[in-house]
Asks: 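Quick one: structure below, then a few questions.
Since the structure is predicted, the reported quantities are computational estimates derived from the model, not experimental observations.
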Amino acid sequence: MDTSVCDCVVNCTNECAYAVKNGGEIPFDNASFLVRGKPIIFECGVDCGCPITCRNRVCQGGVRKKLQVFRTKDNIWGVRCGDVILAGEFVCEFSGEFVSDEFTGRGLAQQPNC
């Protein structure tokens, strides 16, 4: 089997090339819930033989929750969700940069009402 793409035809199993990259398992259940967190998750892609309904194509379904970017009363940006989020449920793919308080010089002790 080519280890760069999966050659599964119907449903991917733990022998799928991307399951192997994930430590020998597909980290999602049949309802697309994350069952085991990992620092990096490898998903099947457009070059794979499996269908778009493959349980290892969760992020490719896009945003599934109502998200709102807002500014707090302390003039800090945040994201909130208008829907209930269940443990392990996919919300969206994060694409950005996390900036720590130490980097910005705005530790919690320096913020009002903390």
Asks: Should we count CD of Gln68 as having more than 12 external heavy atoms under 6.0 Å?
Replies: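 Enclosed: over 12 neighbouring heavy atoms sit under 6.0 Å from CD of Gln68.
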Asks: Distance-only, no hydrogens or angles: does the Asn11 side chain make a donor-acceptor pair with backbone N or O of Cys54 under 3.5 Å?
Replies: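 No, Asn11 side chain to Cys54 backbone: no donor-acceptor pair under 3.5 Å.
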Asks: Rounded to the nearest 0.5 Å, how far does SG of Cys44 lie from NZ of Lys21?
Replies: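 Interatomic distance, Lys21 NZ to Cys44 SG, rounded to 0.5 Å: 10.0 Å.
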Asks: Quick one: which of Pro27, Cys6, Cys59 gives a side chain to side chain contact (heavy atoms under 4.5 Å, CB included) with Glu43?
Replies: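 It is Cys59, the one option of Pro27, Cys6, Cys59 that forms the side chain to side chain contact (heavy atoms under 4.5 Å, CB included) with Glu43.
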Asks: Can you confirm whether Val91 sits close enough to Val63 that some side-chain heavy atom of one is under 4.5 Å from a side-chain heavy atom of the other?
Replies: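 A side-chain contact is absent here, since even the closest heavy-atom pair is not under 4.5 Å.
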Asks: Excluding sequence neighbours, so at least two apart, what forms salt bridge (charged side-chain N to carboxylate O under 4.0 Å, His left out) with Glu25?
Replies: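 With neighbours one apart ignored, the set is Arg36, Lys38.
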Asks: With clusters defined by side-chain heavy atoms of hydrophobic residues (ILVMFWY) lying less than 4.5 Å apart, directly or transitively, does Val69 cluster with Leu67?
Replies: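 Yes, Leu67 connects to Val69 through the hydrophobic network.
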Asks: Taking all non-hydrogen atoms of both residues into account, name the closest pair between Phe90 and Gly62 and its distance.
Replies: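 Phe90 and Gly62 have their closest heavy atoms at CE2-O, 3.3 Å.
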Asks: Hey, is the main chain of Ile26 close enough, under 3.5 Å, to the side chain of Asn22 for a donor-acceptor pair?
Replies: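 Not a single qualifying donor-acceptor pair exists.
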Asks: Say whether, by atom type as modelled, one donor and one acceptor occur between the side chain of Lys65 and the main chain of Val84 under 3.5 angstrom.
Replies: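 Yes.
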Asks: When rounded to the nearest 0.5 angstrom, what distance separates NZ in Lys66 from SG in Cys81?
Replies: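 Separation between the atoms: 9.0 Å.
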Asks: Any link between Val79 and Trp77 through a network of hydrophobic side chains (Ile, Leu, Val, Met, Phe, Trp, Tyr) touching at under 4.5 Å?
Replies: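 Yes, one cluster joins them.
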Asks: With the side chain counted from C-beta on, respond yes when Ile41 and Val58 share a heavy-atom pair under 4.5 Å apart, and no when they do not.
Replies: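 Sidechains of Val58 and Ile41: no contact.
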Asks: Any side-chain heavy atom of Val35 sitting closer than 4.5 Å to one from Phe28?
Replies: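 Result no, sub-4.5 Å side-chain heavy-atom pair not found.
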Asks: With a 3.5 Å distance limit and no angle check, can you tell me whether Asp29 reaches the backbone of Ala31 through a side-chain donor-acceptor pair?
Replies: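 Between the backbone of Ala31 and the side chain of Asp29 there is a qualifying donor-acceptor contact (under 3.5 Å).
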Asks: Which pairs with one or both residues in residues 49-58 pass side-chain hydrogen bond (donor to acceptor under 3.5 Å, both in side chains), sequence neighbours excluded?
Replies: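 Qualifying pairs: Arg57-Gln60.
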